[in-house]
Amino acid sequence: MSGRLLPHALLEFTLARASARLESLTAHSIRQNTAVVLGRRFAHQQVAFQDFPAPEYVPLETTDDRSMYASRKSRSVLASGRLFPYTQDGPLTELEQRIMELKEDPVQEGDEAKVPAYSESELLSMYEELLAVPSRTETQDLSVVDPESQHQADEQALRGIVQSLYALEGPTDASLESQPLYTAAIAKLSEIVNALESARSGSDAPPLEVSILLPQEWLSLVRICVHNSDGRAAESVIDLMKRSNTPIAEESLDTTLALYADKGDLANAERFLAAFVDQSPSERQRDLHIKAHLKSVVPGTFPTSALAALHEYEGRGLPAPQRAYTRVINTLLHVRSVIAATQAWDLFAHMRYVAHPTPDPFLYTVMISACASRSLPPEPARALDLWTEMTIDKGIPPSAAAYSAIIFACARSGEKPYVAEAFRLAKEMMDGHRDAYGSPAFRPDRKAFSALLEGAKRTGDLAKVRWILAEIISESLDATRGDLPDPVSVDEGIMTHVFHAYAAYQPPFNRAATVVVDQSASAASSSDPSKTGDPTGDAKQTEGQSDSAPHPQAPLAPRIPQFTNLLPQSNSEVLGEARALFYRILKDVAPSALLSDALFSEQLDSNMPQAFENVRLSARLLNAYLSVHYAHGMFDQGSKLYHSLFTTLGVEKNAWTYVEALERCARARKGLERKPALRFAQEIWEEWQPVEDAWRRRMSHPDGMDARMVERAYTAKIRVLAMSGRLREAVQLVRAFVERYPPDVVKQVQPKPALRSGRIMLQAPRPLVRMYSAVEVPDDTVPPLLSFPEVELLHHRLVDAGDEASIRYLKWVCMAYAGALKGRKHATLRAEPVALDSEVQKRIEHP
């Protein structure tokens, strides 16, 4: 910028123009504000405005005033003392008078506004109301607020009915003593209605309503019959109301229909609807009809009839209420089948398209939980989308069940970003909803704790697992002192997650990376300075001694672990903590198992409190405890524990027990572990074969047994034989597998149900909008098969041995199964939907 200034004449001219512009803008804004304040008053009154006189000419007295650059001395509107440019002739309004009074008597600066004072109790009550958390329902079922008081009122009404009906017959009537009161009342009402019908049988006049009982008394009589599970009696009461031309209350119909729906009596429910309900049942009655369909089938069965009834109501233009859709979706999700799980998602999308666009909080919670279903891969992204839609887009406040569902959906994915999101949501659950006293509105329940443990164990975060276990134990101790109602106690599922976390934990101490230092050699070299100058010789000496040096030993764990803040630093410390936990469980649950030395040769009383009395010893828990020894212990420790654990505790083994033991044998280290692993695998295989035969012949369905478990068992056994050099036995085992599960069986596809049809239609008895296409639905009915990764080690050993015939056979097996699987995929996509009979339907539901 230049250091020169503008000429004085040009500078004065610029300032004059700017000041004139500023004054004009000020006057214009004042006129506008005045028009806003008094515009209505001037609009409704006729006012004669006087024009301002023209300004008189005043001659300039000096020559300076004639200068073009002289400063203007025009007075502004505010300086003239007039608020408005125009005034009216007439009395002032009340507002103008108050303004004038304020101008004459201004408020003193020392006067302070009087602020109302509130007491501490008033402030606390105000904040209690502001920060109160609204109650959120956790179910869609409609129930009586206090059923006990309702039943007492109905019994009192029944006694009054009986007394009024039998008032003329005396209190010692024998009929009242030999039958229930409601039966006696129905018998007397039947006599009265029969007499009325016989009286007006010869008359042509239209039947009139005869008030035998009050409407509330009829309803109480129906509820008493339903309470005694006497549906026929309730129907007879409704029939008497119909015959006496008494208006039938809808609650009477709903109460009777609910009795049949709860029992799963579909035949009587449909007969009752046909007899007493017209062609347009209410929403409650449609819901109960669907409920009767669901209750009539075996739990865990595909609800075909309920889906057909649901779509039938849609075709009649009477869609079922959202509670009915939720019942069917919940039932489908509990079938534990891929077809059922995908059908649940398709029904959810179909419901939003044809019946109910906005789900309620309960259905949102169910679908968020479905994102972590066991039948389908975890979908944390979809769960977060539903969560955002519910809480932000729809503005629905979340409940404790919704928080537990979204936490579990994120944690089960096992991916660190989603697991971190699960812990963030848990913190929001605790800190985001607090009342005036700072107490959280939601406390983590068992589902929330289990979900957090699921995520922590999948990421190998043992620190968080120990912290969560400490929190649960702390809640249990608070509950024993009476400080906390309804606590979360340590059970089988929680301890299973804990043992899995110990198995997945990687301690920082690595035996292979440990460098052994010869203390005598290092002391001699430090004492003789002449040897320090020849690093080559020292290196050769160390290299020569490395072969004969003993293998480094891991640091010994303390005999009794104390569970400090420091995580286990070695495999032995991990085993020590796991053994101490299991010892505490047995001490609280099965102390008789500690009398012998089969499981523990010494006492391991640590600083762990007594909080494991609710843990149930099951195969799942024992498998998790065994997995810790498989991952961190020596091979002989795991095999010895396998033989003694289930026998001592009297727990039956399941499919996971055999498969995990075989896979541990397949991971045997080279050297001293190979021969014991082969013997141990032979023992396990003898126990496994009867279980597999029973499953293959459909004689039984052991826990956790399916086609993929069969593949894992054969793969582990083939690997053990190949590592041990028994190639001929390994090839024979492959031949035995092919004979039991030939490739041609893989080509046979299951029939496609009519509900899974993908044809686009505007109206059909199936979902019209789907979330899973035919190519996105996994096939969980594929029989056991072998691919090249399962037999890769055997193939390498056969190549090394030069067995060309076995190599060609192995190649044919892999190609045959791969071609059969490819053909199965094409056949599944081209399959036409057909109506299934009960036997085929059962095979699809339980592959």
Side-chain angles (χ1 to χ4, degrees), residues 329-349 359 362-391 398 400-429 444-461 464-465 468 493-494 496-501 503-504 620 623-624 627 656 704 706-709 711-712 770-782 847:
I329 290 173
N330 224 344
T331 303
L332 287 170
L333 292 175
H334 284 81
V335 174
R336 295 296 178 89
S337 171
V338 171
I339 292 181
T342 53
Q343 188 70 22
W345 281 106
D346 293 344
L347 184 60
F348 175 69
F362 186 81
L363 184 54
Y364 267 121
T365 302
V366 170
M367 300 316 297
I368 291 174
S369 300
C371 295
S373 174
R374 303 290 181 182
S375 303
L376 296 173
E379 296 178 304
R382 175 175 290 180
L384 289 174
D385 289 343
L386 291 173
W387 175 264
T388 304
E389 178 186 343
M390 180 185 71
T391 58
Y403 269 111
S404 300
I406 186 62
I407 290 171
F408 181 67
C410 293
R412 191 176 177 272
S413 65
E415 302 178 14
K416 288 188 176 181
Y418 289 114
V419 174
E421 180 67 15
F423 278 90
R424 188 198 67 80
L425 289 169
K427 182 176 178 59
E428 176 186 322
M429 176 183 178
D445 55 359
R446 184 195 173 280
K447 293 182 179 179
F449 278 123
S450 298
L452 295 176
L453 288 171
E454 181 85 21
K457 83 174 183 182
R458 289 180 180 271
T459 56
D461 195 345
K464 288 183 179 178
V465 170
I468 295 172
I494 290 176
T496 301
H497 291 314
V498 172
F499 286 133
H500 282 162
R620 182 187 176 199
N623 291 337
S627 65
W656 288 93
D706 56 7
R708 308 288 79 80
M709 296 296 289
E711 293 176 3
R712 291 175 59 180
R770 296 191 180 275
M771 297 188 70
Y772 282 89
S773 62
V775 297
E776 294 175 338
V777 179
D779 190 359
D780 60 344
T781 61
V782 179

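Just so you know, these numbers come straight off a predicted model, no measurement behind them.
- Inter-residue side-chain proximity for Arg708 and Val782 is flagged as met; some heavy-atom pair is nearer than 4.5 Å.
- Side-chain atoms of Glu421 and Ile406, non-hydrogen and from C-beta on, never get closer than 4.5 Å to each other.
- Annotation: side-chain contact (heavy atoms from CB on, under 4.5 Å) contacts of Ala381 (sequence neighbours excluded): Tyr418.
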Item to check | Asp779/Thr781 under side chain to side chain donor-acceptor pair (under 3.5 Å): CA gap, chis, key distance, verdict | outcome: CA-CA 6 Å; Asp779 190 359; Thr781 61; 2.6 Å; yes
Checklist entry - Under the side chain to side chain contact (heavy atoms under 4.5 Å, CB included) criterion, do Cys410 and Val419 qualify, and how do the steps go? => result CA-CA 6 Å; Cys410 293; Val419 174; over 6 Å; no
Item to check | Stepwise side chain to side chain donor-acceptor pair (under 3.5 Å) test for Ser375 and Asp780 | outcome: CA-CA 9 Å; Ser375 303; Asp780 60 344; over 6 Å; no
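- Counting only residues at least two apart or in different chains, side chain to side chain donor-acceptor pair (under 3.5 Å) contacts with residues 364-373 comprise Tyr364-Glu389.
- Looking only at distances, a side-chain donor or acceptor of Asp346 sits under 3.5 Å from a matching main-chain atom of Tyr772.
- Residues that satisfy the side-chain contact (heavy atoms from CB on, under 4.5 Å) test with Thr388, not counting sequence neighbours, are Ile392.
- In this structure, Arg458 and Arg412 have side chains that are in contact, with non-hydrogen atoms separated by less than 4.5 Å.
- For the pair Tyr403 and Glu428, the minimum side-chain heavy-atom distance is below 4.5 Å.
- Panel note: side chain Ser450, backbone Lys447; no donor-acceptor pair is recorded below 3.5 Å.
- Remark: Lys464 is positioned above the aromatic ring of Phe423, its terminal NZ or CZ atom under 6.0 angstrom from the ring centre and at most 45 degrees off the axis.
- A cation-pi contact, defined as under 6.0 Å to the ring centre and within 45° of the axis, is absent between Arg770 and Trp345.
- In this structure, the side chains of Met367 and Pro359 stay at 4.5 Å or more apart for every pair of heavy atoms.
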